[in-house]
Amino acid sequence: MASMSRFAIRDYKMRIGESICRPSCPISSREPKPHHPGLGVGLSSPENGRSCLAIQSKGFSPVANLSAPFLRCQPPRCRSSILLCKAASDVSEDVPSSSSSGLSQYEKIIETLTTLFPVWVILGTIVGIYKPSAVTWLETDLFTLGLGFLMLSMGLTLTFEDFRRCLRNPWTVGVGFLAQYLIKPVLGFFIAMKMKLSAPLATGLILVSCCPGGQASNVATYISKGNVALSVLMTTCSTIGAIIMTPLLTKLLAGQLVPVDAAGLALSTFQVVLVPTIIGVLSNEFFPKFTSKIVTVTPLIGVVLTTLLCASPIGQVSEVLKSQGAQLILPVAFLHAAAFAIGYWMSKFSFGESTSRTISIECGMQSSALGFLLAQKHFTNPLVAVPSAVSVVCMALGGSALAVFWRNRLIPADNKDDFKE
């Protein structure tokens, strides 16, 4: 699933390129604001039948309104502007036919399969409830391997430069980190106490609220016109931080309810999350040719594995869901809905629309599969794993619905650029 971010970012840049190159851009009689504060594009007045495309030499921003039919034009005003002058009749020759023309047929299929993630989750949920034997074979050991492979696939898409970008965006990434490990855990604890859940269910809800961001959030961010690059960085940071934060917060918030093996949680998180991610990053950094061959296969495997990792938890707790489904769905659904809302409105005080959408999705979507695995391995009561299983469905459906809603809402032309490449 994480490998999808590579296609999303590439498509992101091609759409921006399409907006810049499109020759049908009208010249306004007055001087409008640029469509994006970090990118001024314009056609100068024609001279001798030629038109000049001006691109201001500010830093590139990954934030763009993907739905805009064209970027507004602005006459060049900066001395450092680069004038790309070409006969108007020749400009059309360089215009890409579509925003996805740079993707191979295989990559287009992977993109389609990945963006249909909610559909696979719904199908997996139905199979898990009514035909659990079809998915319950993915038990603890195989489940661990599958989750480890997803972490590895995320690592294969990262480089050391990605971590340097985190240092260039400490405030933006830091707010996402705090939202993941402050707002969400407090919400989980508050909801568990207010709804007076039993000790095992309350512990499970708190555990899943303390888990890191999930890879599905990168896809949801792409659909919502959020900042995909920032989403990948936030997921990476929260995933690495989970080694300390998940066991520490679970012990602090749920330790009064049931015994919590914080050391065991930390060790399992280290083995399942950090080790595969580091292997992936090092492989990508030192063996790029080998990695480039692997990443052509990992997206398809990732789609299949993610679907199984969502369906298997449902199948393993299907009997409990049939008997107590309504009681369990409400607190988990409220947890995700509140996290989406608080993450968004909290971000709006400091950031632009695109970044606020990204932080909201990162705050509301987490690795429920990791919570399910930790619950199975380190808690004797099987009910502790149930909130994580329910969270898989609520997270996927809620995040996808929000992403589609935002996709149909334009990002303001004066959207702030909060991300430094």
Side-chain angles (χ1 to χ4, degrees), residues 121-122 124-125 128-129 132 135-136 140 143 147 180-181 183-214 216-217 238 242 245-247 249-262 265 268-269 272 309-340 363-399:
V121 171
I122 293 174
T125 301
I129 292 178
V135 290
T136 51
T140 305
F143 197 93
L147 191 55
Q180 190 73 53
Y181 288 120
I183 294 177
K184 198 73 174 286
V186 171
L187 273 176
F189 178 80
F190 178 79
I191 293 171
M193 296 300 102
K194 284 296 180 181
M195 293 191 171
K196 298 180 180 180
L197 300 179
S198 63
L201 294 179
T203 302
L205 188 66
I206 292 171
L207 173 62
V208 76
S209 69
C210 296
C211 285
S217 63
S238 67
M245 301 304 293
T246 298
L249 291 172
T250 304
K251 176 72 174 178
L252 180 66
L253 297 175
Q256 57 183 312
L257 302 175
V258 296
V260 176
D261 180 13
L265 288 173
S268 294
T269 307
V272 176
L309 291 176
C310 292
S312 180
I314 295 294
Q316 294 182 48
V317 298
S318 59
E319 294 303 320
V320 179
L321 291 177
K322 289 177 183 177
S323 59
Q324 305 181 42
Q327 176 190 354
L328 298 171
I329 291 174
L330 184 60
V332 176
F334 186 71
L335 170 68
H336 288 289
F340 283 128
C363 186
M365 301 182 74
Q366 75 288 315
S367 181
S368 305
L370 176 62
F372 185 82
L373 177 63
L374 295 176
Q376 278 194 320
K377 293 185 69 173
H378 299 286
F379 294 91
T380 56
N381 195 320
L383 289 178
V384 176
V386 175
S388 292
V390 177
S391 175
V392 169
V393 181
C394 293
M395 171 198 69
L397 298 184

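Atom-to-atom distance recorded for Ser209:OG and Tyr181:OH is 11.0 Å, nearest 0.5 angstrom. The line from CG of Leu397 to CD1 of Ile122 is 5.0 Å long, rounded to the nearest 0.5 Å. Taking CZ of Phe189 as the reference point, atom CG of Leu249 lies at 12.0 Å (rounded to 0.5 Å). Note: Ile329 CD1 to Phe334 CZ = 16.0 Å, rounded to the nearest 0.5 Å. Within the model, atoms CG of Leu253 and CD1 of Ile206 stand 5.5 Å from one another, a figure rounded to the nearest 0.5 Å.
Closest heavy-atom contact between Ala385 and Gln376: CB-CG, 4.5 Å. Counting all heavy atoms, side chain and backbone alike, Ala311 lies closest to Gly124 at CB-O, 3.6 Å. Between Val332 and Pro387, the shortest heavy-atom contact is CG2-O, 4.0 Å. Nearest heavy atoms, Ser318 versus Gly128: CB-O, 3.6 Å. For the pair Gly315 and Val135, the tightest heavy-atom approach, listed with the atom from each and the gap, is CA-CG2, 4.2 Å. For the pair Thr246 and Cys210, the tightest heavy-atom approach, listed with the atom from each and the gap, is OG1-O, 2.8 Å.
Of the candidates Val390, Leu321, Val392, Ile314 forms a side-chain contact (heavy atoms from CB on, under 4.5 Å) with just one, namely Leu321. When each of Asp261, Val260, Leu265 is checked for a side-chain contact (heavy atoms from CB on, under 4.5 Å) with Lys251, only Val260 meets the rule.
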Between Leu374 and Thr250, does a side-chain contact (heavy atoms from CB on, under 4.5 Å) hold up when you go through it step by step? CA-CA 11 Å; Leu374 295 176; Thr250 304; over 6 Å; no

Going through the checks in order, is the side-chain contact (heavy atoms from CB on, under 4.5 Å) test met by Thr203 and Phe379? CA-CA 10 Å; Thr203 302; Phe379 294 91; 3.8 Å; yes

Pair Met195, Leu205 - check side-chain contact (heavy atoms from CB on, under 4.5 Å), show working. CA-CA 11 Å; Met195 293 191 171; Leu205 188 66; over 6 Å; no

Just do the side-chain contact (heavy atoms from CB on, under 4.5 Å) check on Met245 and Gln180 with the steps written out, would you? CA-CA 10 Å; Met245 301 304 293; Gln180 190 73 53; over 6 Å; no

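Every pair passing side-chain hydrogen bond (donor to acceptor under 3.5 Å, both in side chains) that includes a residue from residues 381-392 is listed here, sequence neighbours excluded: His336-Ser391, Gln366-Ser391, Ser368-Ser391.
The closest side-chain heavy-atom distance from Leu370 to Pro212 is below 4.5 Å.
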